[in-house]
Amino acid sequence: MNEENLWCLKENGYQAGLHKHYEGLFTQGNGYMHVRGSFEEGCSDAPQDEDYLRFPDNVTLEKPRHLKSKQGTYIPGIVGRHPLLKEEIINLPYVLGLEFRSAGERLDMDRCRISSYRRWLDLRDGSLHRAFIWETEEGMQLQCTYSRYISMADTHLCIQRVQLEVLAGEGRLEVKATLRADVRTNGMNHFARIVPSAESEGSLSLETLTEEGNQIFMLSALEASEAMNWQEDNTRTMAALRGDCRLQNGDRLTVTKLTAVTTDRDREEGTVCDRAHEHLSRARDLGWEQLYKRHTDSWKSKWQHADIRIKGDDIAQVSVRASLYHLIRANSGQDARVAICAKGYAGEAYFGRYFWDTEINLLPFYLHTNPQAARNLLLFRYNTLDGARRNAKNYGYKGARYAWESSLSGEEQCANWQYADHEIHITADIVYAIYHYVRATGDHEFLERYGIDILVETARYWCDRVDWNREGACELLGVMGPDEYLPFTRNNAFTNRMVKFSLEQTVACLDSLQGSMPDSYATAAERLDIRPGERELFRRTAEKLRLPYDSQSEVVPQSDDFASYADVDFASVWTDKSRPFGHFISQERNYRSKALKQADVLELMLLFPQEFTREQLKAAYAYYEPITTHDSSLSVAVHGIVASWLDQKEAAADFLQRVMAIDLSPEKKGAAEGIHIANCGGLWQLIVYGFAGLKSAMWSETLQLEPRLPEGWEELDFQIAWRGERYRTTLHPGAYEIHKLDGREAIADTTI
């Protein structure tokens with residue numbers, strides 16, 4: 001495979017049944033704005049304005065509403081209220097609309113005579129391309145070529161270009177450019193006001209006001225290589241301009257659509273309308289070539305630090321770059337008012353909310369490629385601390401309790417009580433992530449300025465949440481661990497260890513701050529109203545919190561009561577492994593059975609590797625993997641890392657294939673509802689922590705590798721940011737090198 005192909009996701013030949021999958025997989029964005037990979041002209045028999053009421057459900061098992069196509073334009077931070085599902089990101093007006101007609105025949109991929117179809121996403125710069133031949137009913141043959149990108153440098157801009165070359169025949173061709181607000185979010189119309197307008201010759205605009213009061217302004221400018229007399233063709237929910245021209249054999253029509261999008265959440269002065277005009281005017285002054293150069297230069301800079309190069313496995317190379325592309329795209333840059341939603345802003349299945357995925361699955365990638373992005377993700381948790389305080393108060397506890405599903409305010413948005421009430425480990429996961437960040441970057445100022453508030457307030461919650469037993473130990477009862485198929489466990493090992501860590505680090509932070517920076521401690525103590533005896537309560541609770549395992553445990557129990565749950569005959573119950581296990585068992589039965597949705601004890605061992613022997617790791621893998629359904633996309637990468645650590649190369653290679661297939665496999669249609677962004681982070685971890693064997697910065701002062709490359713991999717190469725420095729690591733079977741990126745010699749040159 002040539003180098004260009006190693007940077008492309010391709011769709012060769014159009015299949016209507018796969019359209020929605022490619023819409024998700026080909027999502028474009030720049031952190032500020034994201035647009036699913038829908039056709040510019042839309043899709044037949046797939047109305048986007050269907051009103052319906054989506055009910056709370058297990059999203060993993062829920063049957064999607066839209067089967068063929070779901071357009072999506074998302075700006076993180078623009079949210080609305082759903083009557084049953086609480087707060088959700090709003091699907092904004094469709095910005096890409098470009099339609100073509102020949103003698104009344106509308107270009108439609110499903111109804112027209114189409115040949116030589118191909119579409120590809122260039123991962124180097126996030127540009128999406130489509131090419132095909134349209135044979136019109138009138139007898140023209142048109143070679144149609146589409147290109148578009150969401151600018152990474154000028155983040156308010158969407159740039160589109162379409163070229164239609166007449167290969168045979170002649171006739172009139174009509175062009176219609178649209179901005180359409182006839183879209184829904186999970187069946188809801190969130191627009192209180194829609195104002196379409198024709199701004200001037202060749203430009204159109206659409207202003208929308210959401211029910212929550214957010215303003216969104218879209219302004220498009222059109223240019224055509226042939227003379228066009230643009231006519232306004234608006235409706236109540238759509239801004240449109242229509243023009244036509246006559247084409248002869250050999251003619252080539254080029255149409256460009258340049259769109260600026262602004263909202264009232266932007267941190268810029270001026271009205272949304274004025275700012276959109278300014279962005280568009282500047283873009284037109286720059287011109288197509290300069291705009292594209294700025295965009296590609298920005299992408300090149302991001303790839304410089306994020307890319308992973310694999311020699312000897314082209315499929316893995318493309319798959320990894322696809323995941324990295326979405327991790328880069330989904331990051332909101334400098335805006336710590338938002339995080340990265342579970343679908344990577346490529347769909348609304350998870351309502352645009354933030355889960356523990358952020359801290360456990362995504363953060364390591366950003367820690368070691370873009371530390372500023374990692375800092376912003378944690379600043380989001382600091383900025384939503386008041387929401388976490390309200391959550392704790394609503395449950396009758398002190399301190400701060402982070403939401404299982406968070407939106408902008410930090411208040412709980414999960415409509416399913418099982419998860420909202422019992423999946424509490426996220427509050428401790430955030431503290432773990434803070435320390436992971438500090439130890440990976442050396443940014444102790446973050447801990448002193450922001451982290452201390454999170455530590456103290458969450459410690460207060462834990463001290464109120466635990467129950468003390470007759471033996472003088474404290475327990476966490478009625479807990480759902482990472483394995484979401486057991487909701488009411490007693491002392492879940494993962495949760496209890498994370499809470500113990502959180503409390504221990506809170507005490508250590510207070511001790512250190514008081515000893516080394518007494519003035520800063522006094523300021524924090526006054527701000528947080530730290531009372532006499534609180535630190536001792538934190539310390540005592542950490543010491544007395546029960547862990548359902550010890551160093552002598554052969555198999556670390558998932559919880560104190562795990563052994564009492566019912567065994568499952570998977571062969572008789574799970575009759576079709578191509579579908580999630582949860583489809584074959586009632587929730588009631590599942591909740592009393594030993595059937596894991598995803599890694600739980602193995603996730604614990606991944607985060608605290610120094611606390612478990614190789615024998616314990618091996619025993620846990622042998623016991624838990626056969627009863628893990630992997631119904632969650634978070635699970636497979638964890639098992640792949642553990643298999644790699646145990647030198648089970650065949651199993652690790654199989655898990656690698658499964659990780660890559662989650663979003664990329666057309667057969668699975670996994671990207672249809674949006675990208676599994678946690679799995680993208682998981683793939684990075686499988687390669688870096690698993691195959692390269694990077695020792696976690698949580699537990700290692702120095703950059704250390706213990707490689708176990710898959711069979712056939714000739715070379716693995718990537719950069720790592722580590723405590724303020726950047727390094728390049730190059731691994732071969734039997735040897736590796738680590739170079740500091742300041743021109744010095746290798747700091748490690750090791751034969752394995």
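All values below come from the heavy atoms of this structure, side chains included, with hydrogens, waters and symmetry mates left out.
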Inspect the surroundings of [atom1] in [X] and state if more than 12 heavy atoms from other residues, nucleotides or ligands are less than 6.0 Å away.
{"X": "R589", "atom1": "CZ", "result": "no"}
{"X": "I315", "atom1": "CD1", "result": "no"}
{"X": "R118", "atom1": "CZ", "result": "no"}

Does NZ or CZ of R130 lie under 6.0 Å from the centre of the six-membered ring of F39, at an angle within 45° of the ring axis?
yes
Go through the steps for I310 and D313 under the test side-chain contact (heavy atoms from CB on, under 4.5 Å), then give the verdict.
CA-CA 6 Å; I310 300 169; D313 189 339; 4.1 Å; yes
Could I get the full list of side chain to side chain donor-acceptor pair (under 3.5 Å) partners for Q28, not counting sequence neighbours?
R148
Answer with yes or no whether the side chains of T155 and N30 bring together a donor and an acceptor at under 3.5 Å.
no
For Q598 and S635, test the side chains for any donor-to-acceptor distance below 3.5 angstrom and give the result as yes or no.
no
Shortest non-hydrogen separation from [X] to [Y] and the atoms involved:
{"X": "M109", "Y": "I114", "answer": "CE-CG2, 3.7 Å"}
{"X": "A599", "Y": "P482", "answer": "O-CB, 3.5 Å"}
{"X": "C680", "Y": "I675", "answer": "SG-CG2, 3.6 Å"}
{"X": "N91", "Y": "R184", "answer": "ND2-O, 3.2 Å"}
{"X": "Q71", "Y": "G42", "answer": "NE2-CA, 3.8 Å"}
{"X": "T73", "Y": "V95", "answer": "OG1-N, 4.0 Å"}

What's the spacing between [X] [atom1] and [Y] [atom2] if we round to 0.5 Å?
{"X": "M480", "Y": "T489", "atom1": "CE", "atom2": "OG1", "result": "9.0 Å"}
{"X": "L206", "Y": "T178", "atom1": "CG", "atom2": "OG1", "result": "9.5 Å"}
{"X": "E11", "Y": "R119", "atom1": "CD", "atom2": "CZ", "result": "4.5 Å"}
{"X": "T629", "Y": "H583", "atom1": "OG1", "atom2": "NE2", "result": "11.0 Å"}
{"X": "L377", "Y": "I430", "atom1": "CG", "atom2": "CD1", "result": "11.0 Å"}
{"X": "I194", "Y": "N189", "atom1": "CD1", "atom2": "CG", "result": "6.0 Å"}

Which residues share a ring pair (Phe, Tyr, Trp, His ring centres under 6.0 Å) with F655, sequence neighbours left out
H630, H639
In terms of ring plane angle, is the pair F570 and W574 parallel, tilted or perpendicular, where the classes change at 30° and 60°?
tilted
Aromatic ring pairing H34/Y345, orientation class (parallel under 30°, perpendicular over 60°, tilted between)
parallel
Does a side-chain N-to-carboxylate-O contact under 4.0 Å join D125 and K302?
no
Can a salt bridge be assigned to the pair E411 and K86 using a cut-off of 4.0 Å between side-chain N and carboxylate O?
no
Run Y146 and H129 through ring pair (Phe, Tyr, Trp, His ring centres under 6.0 Å) and show every step you take.
CA-CA 5 Å; Y146 291 68; H129 308 270; over 10 Å; no
W299/Y149 aromatic ring centres below 6.0 Å:
no
Are W417 and W404 close enough that their ring centers fall under 6.0 Å?
no
Assess the residue pair D51 and M188 against the criterion (side-chain contact (heavy atoms from CB on, under 4.5 Å)); give the C-alpha distance rounded to whole Å, side-chain angles, the decisive distance to 0.1 Å, and a yes or no.
CA-CA 6 Å; D51 293 312; M188 299 297 298; over 6 Å; no
I'd like to know if the side chain of H190 and the backbone of G80 have a donor-acceptor N/O pair within less than 3.5 Å.
no
I'd like to check the salt bridge (charged side-chain N to carboxylate O under 4.0 Å, His left out) partners of E50; sequence neighbours left out, ordered by chain and number.
R65
